[in-house]
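Below: one structure, written as structure tokens.
Convention: sequence-line order gives letters A, B, ...; per-chain numbering from 1.
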Amino acid sequence: MIDPKIIRDNIEMIKELLQRRNMAGAVDIDELKAIDEERRTLILKADELREKRNSASKTIGQLKAKGQDPVDMMKEVQLIGDEIKSIEQRLNDLNERFRELHLSVPNILDKSVPTGKDDKDNVVVREWGKKPQFNFEPKPHYDIGTSMGILDFERGVKLAGARFYVYRGLAATLERAIINFMLDLHTKEHGYTETFGPFIVNDESMTGTGQYPKFKDEYYRIDRDGLSLIPTAEVTLTNLFRDEILEAEKLPIYLTMQSSCFRREAGAAGRDTRGLVRVHQFQKVELVKFVEPETSFDELEKLTANAEEVLKRLNLHYRVVLLCSGDTSASSSKTYDIEVWMPGLNRYMEISSCSNFLDYQARRAMIRYKKKGEKPQYLHTLNGSGLAAGRTLAAIIENYQREDGTFDIPEVLKKYM
RNA sequence: GGAGAUGUGUCCGAGCUGGCUGAAGGAGCACGAUUGGAAAUCGUGUAUAUGUGCACAAACGCAUAUCCUGGGUUCGAAUCCCAGCAUCUCCGCCA
């Protein structure tokens, strides 16, 4: 959520924002404004009536204490009560609709974000390493893994359906090694605190980070319990401090957590269907930061660098892409994607996404901080993958492959095997 | 899953035979007085949200709401009723 006062006073700016984000029709800003105005007059009205009722009730109490029985006055106040009740009912409806619309308004974009329609308009900001050269035709990871007997897609389908897979032997061990390596790097060298929490969370948590209410179709929800499987540990980590006021001295807070991530991938049918690239369950090491507002863009650069460091140590060629206005997610004000080179697929593949949400999530989730002697204010949240483990496994298989159909283990992972 | 108990401010803790209680008392914290300095002592202050006033913002004023959450009864609810949630105890179950 962005500050409702900003919307109130800058209708045109918000409309422009929707244009740039390629979601012009997605939110009815005029309706939002109209509802906001109506609810404010009703709040005023209701408050005035309550004031009247409070003072009248007080008088009634005093009169009764003196032994009188002010029947007329009580009748009168009862009518006020009825009026309040009907205003409250209308107000409830309005507030609900207002919140619905308000939650749908995307975040303000940072000035540095290029205007563009989709991923074709994203801007490559840097590259690291170079594409490996092979004196044979490099194969995709799923062919290598399947023929080695370490990736089993058929049995994944048998167990759970399309886009599920099974790791056997080396693949399972290697992914575990990847996760441990990444966690060690982020905790021992980058200053993150290793955290572990629920993979299943309630609706408030899913709303706090922006998954609900708009994108309900993309996640697995257990309706009888009102709980959802997390699509990323960002949900668990960012909601840790929901409805809390943190002391300023505790900031910044850096957290990392490994989790399985569950996504329906609705609407992605037919895209990247093969292999480990797009699946319903994958493992990921997540990075989340809670910071003071003035520092959040510096923190974004550092966060992205932390994720890049994983690829550098694995010696995998990658590039960093600044997402354009149309490709940046609604909660984010600025996002860098890190894309690793996949020789077998012959393209770059997103392996991390690092975003600065400003106070957008903090406002939804009511995460604030307080300096001594000052009022509480919303802090800024950031997150990034550090990295997606399954895709890292796929990248290693493709980049480290040998002509004989097997692959090497990156040097830094050997001690984890 | 079954039975019972509990749920008040930063914390402890009164109130719960309905009105004068945003909430006694204590602790903590902040500031001030006292002191050569400190302890002790004394004084003052110590929530959040929303709306509104001041051209805006800050500060401030006013109003409303908040005693786990949501409903209800009542002229009026922290106090009564209902539902939910959480914690604790006992039983059941279990990696």
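Atom P of B:rG70 sits at a distance of 15 Å from the matching atom of B:rC85, rounded to the whole Å. Of the C1' atoms belonging to B:rU46 and B:rC56, the separation is 30 Å, rounded to the nearest Å. Here, B:rG84 and B:rG25 have their C1' atoms 33 Å apart, quoted to the whole Å. A gap of 14 Å separates the P atoms of B:rA5 and B:rC80, to the nearest Å.
Using a 4.0 Å cut-off between a side-chain N of Lys or Arg and a carboxylate O of Asp or Glu, A:E309 and A:R313 qualify as a salt bridge.
Of all the heavy atoms in A:L109 and A:L17, the pair that sits closest is N-CD1, 3.7 Å.
The 5' end of RNA chain B is approached more closely, in terms of each residue's nearest nucleotide, by A:M366 than by the other of A:R50 and A:M366.
With rounding to whole Å, A:K370 atom NZ is found 12 Å from B:rA30 atom P. Summarising the geometry, the separation between CG on A:L91 and C1' on B:rU64 is reported as 12 Å, rounded to the nearest angstrom.
In this entry B:rU87 has B:rA5 as its Watson-Crick or G-U wobble partner, both defining distances falling under 3.5 Å. Across all strands shown, the partner of B:rC80 is B:rG72, judged by Watson-Crick or G-U wobble contacts whose two distances both fall under 3.5 Å.
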**OP:** Could you run through nucleotides 67-77 of chain B and give me one letter per nucleotide, 5' to 3': B if any protein heavy atom sits under 4.0 Å from the base, S if only the sugar-phosphate is that close, - if neither?
**Re:** ------S-BS-

Original post:
How far apart are the C-alpha atoms of A:F407 and A:Y400, what are their side-chain angles, what is the distance that settles it, and do they pass the ring pair (Phe, Tyr, Trp, His ring centres under 6.0 Å) test?
Top reply: CA-CA 5 Å; A:F407 62 93; A:Y400 282 81; 8.3 Å; no

